[in-house]
Amino acid sequence: MNSIKMKNTIFIVTTFLLASPFTFAGKMTMPTDAPASYEAECASCHMAYPPALLSQQSWKNMMSSLSKHFGTDASVDPKTQTELTNWLVKNATTRQKYSETAPENRITKTSWFIRKHDEVRPEVWKRASIKSPANCGACHIDAANGVFSEKNIKIPAK
Ligand code: HEC
Ligand code: HEC
């Protein structure tokens, strides 16, 4: 390989790695050290979101305002709050390009989320079986296992 080709190859590989926060598939799945309180406290109203979907700052912000959580009260006792905050922050995304503090600390308001979903028409989000972009599992049939790949998507017709 000559040096120009080599540089191009490095460029392409690097671009690919930077372009996808999901290249390292393992990071998207639920870490095996998830405390039992995560499932118990954070998966009754929606799925237990894998911590790598949000930045450290977003998790800190969210965990310090649980009594005002998207129009509902999701508070937990102080011990659980500390346990969950530490674990979420430890497992938050560390990839700089994706570690913005999203509006409302929402996964669904991060720029990567918006970009990845730009082909979903606005009316699709409103279908009765979807209702909200935060309802990942309505389309990502294996979301509960942290799988968001293209092959595992089925958008409900209504
Ligand atoms: C009492 C119900 C309830 C509980 C308990 C709850 N949440 Fe939520 N959560 C909501 C609602 C409602 C929304 C907004 C959903 C929507 O916009 O469709 C939300 C949204 C979120 C979002 C943003 C989703 C997006 O739009 O990107 C995250 C992240 C989140 N919750 C994390 C947590 C964590 C962490 C816990 C546990 C400490 C928790 N939730 C417990 C009701 C709850
Ligand atoms: C209305 C259905 C729908 C909902 C709800 C939805 N998605 Fe998606 N998602 C899609 C579609 C369609 C794509 C684009 C797939 C493609 O690349 O062709 C996608 C792509 C993605 C990708 C990129 C996958 C890849 O291989 O590049 C990720 C990650 C993702 N979604 C995560 C989420 C998360 C997390 C949630 C919930 C907070 C969510 N999605 C909610 C339909 C949905």
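Computed over heavy atoms, backbone and side chain alike; hydrogens, waters and symmetry mates excluded. First listed ligand is number 1; within each ligand, the first listed atom is number 1.
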- request: Supply the atom-to-atom distance L54 CG to T93 OG1, rounded to the nearest 0.5 angstrom.
  value: 9.0 Å
message: Tell me whether Y49 contacts the main-chain N or O of C42 through its side chain, where contact means a donor paired with an acceptor under 3.5 Å.
response: no
Heavy-atom nearest neighbour of atom 33 (C) of ligand 1 within options E39, H46, E104: H46
- line: So the atoms of ligand 2 within less than 4.0 Å of a heavy atom of E150 turn out to be 15 (C), 16 (C), 17 (O), 18 (O), 26 (O)
task: Answer yes or no: are there more than 12 heavy-atom neighbours, outside E104 itself, under 6.0 Å from its atom CD?
output: yes
query: With no hydrogens and no angle check, do the side chains of N61 and S58 hold a donor and an acceptor under 3.5 Å apart?
result: no
message: Using only atom types and a distance under 3.5 Å, with no angle test, would you say the side chain of N91 pairs donor to acceptor with the backbone of P51?
response: no
message: Any nitrogen or oxygen of H140, side chain or backbone, less than 3.5 Å from one on ligand 2?
response: yes
message: Checking the N or O distance criterion of under 3.5 Å, is ligand 1 in contact with R106?
response: yes
query: Atoms of ligand 1 less than 4.0 Å from I107 heavy atoms?
result: 25 (C), 27 (O)
message: Among A74, A134, C136, which one puts a heavy atom closest to atom 15 (C) of ligand 1?
response: A134
query: Under 30°, 30 to 60°, or over 60°: which ring-plane class applies to H46 and H69, parallel, tilted or perpendicular?
result: tilted
field: Aromatic ring pairing H117/H140, orientation class (parallel under 30°, perpendicular over 60°, tilted between)
entry: perpendicular
For ligand 1, the portion of W59 having any non-hydrogen atom under 4.0 Å away: side chain
field: Winner among C45, P133, P103, A48 once heavy atoms are compared against atom 4 (C) of ligand 1
entry: C45
message: Between T82 and T85, is there a side-chain donor-acceptor contact under 3.5 Å, judged purely by atom types and distance?
response: no
message: List ligand 2 atoms under 4.0 Å from C139, heavy atoms only on the residue side.
response: 1 (C), 2 (C), 3 (C), 4 (C), 5 (C), 42 (C), 43 (C)
message: Tell me whether atom 8 (Fe) of ligand 1 has H69 as a neighbour, meaning an N, O or S atom of it below 2.8 Å.
response: yes
- request: Keeping the roles fixed (side chain from K126, backbone from E123), state whether a donor-acceptor pair exists under 3.5 Å.
  value: no
Shortest protein contact, atom 5 (C) of ligand 1 (heavy atom only): E41 O, 3.5 Å
message: At less than 2.8 Å, would any N/O/S atom of C42, backbone or side chain, sit next to atom 8 (Fe) of ligand 1?
response: no
message: I'd like to know if K68 pairs up with D73 as an ion pair, taking the criterion as any Lys NZ or Arg NE/NH1/NH2 lying under 4.0 Å from an Asp or Glu carboxylate oxygen.
response: no
- prompt: Should one rank S132, P50, G146, S149 by closest heavy-atom distance to atom 26 (O) of ligand 2, which comes out on top?
  reply: S149
task: Pull out every atom of ligand 2 sitting under 4.0 Å from any heavy atom of L53, numbered as shown with elements.
output: 35 (C)
message: For a quick test of reading the model, state the closest non-hydrogen atom pair linking N105 to M62 and the distance between them.
response: O-CE, 3.4 Å
W112 N/O to ligand 2 N/O under 3.5 Å: no
field: D77/T80 under side chain to side chain donor-acceptor pair (under 3.5 Å): CA gap, chis, key distance, verdict
entry: CA-CA 5 Å; D77 67 71; T80 307; 2.9 Å; yes
- prompt: What protein heavy atom sits nearest atom 29 (C) of ligand 1, and how far off is it?
  reply: M62 CE, 3.4 Å
- prompt: Is there any N or O on T108 that sits under 3.5 Å from an N or O of ligand 1?
  reply: yes
message: Can you report which non-hydrogen protein atom sits closest to atom 11 (C) of ligand 1, along with the distance?
response: F70 CB, 3.9 Å
message: Is there a polar contact, in the sense of an N or O pair closer than 3.5 Å, between K116 and ligand 2?
response: yes
- prompt: Which atoms of ligand 2 sit under 4.0 Å from any heavy atom of W125?
  reply: 1 (C), 3 (C), 4 (C), 5 (C), 6 (C)
query: Going by distance only, is there an N or O of D73 that falls short of 3.5 Å from an N or O of ligand 1?
result: no
Backbone N/O of M63 and side chain of Q81: donor-acceptor pair under 3.5 Å: yes
- request: Check each atom of ligand 1 against the heavy atoms of L66 and keep those under 4.0 Å away; list them by number with element.
  value: 38 (C)
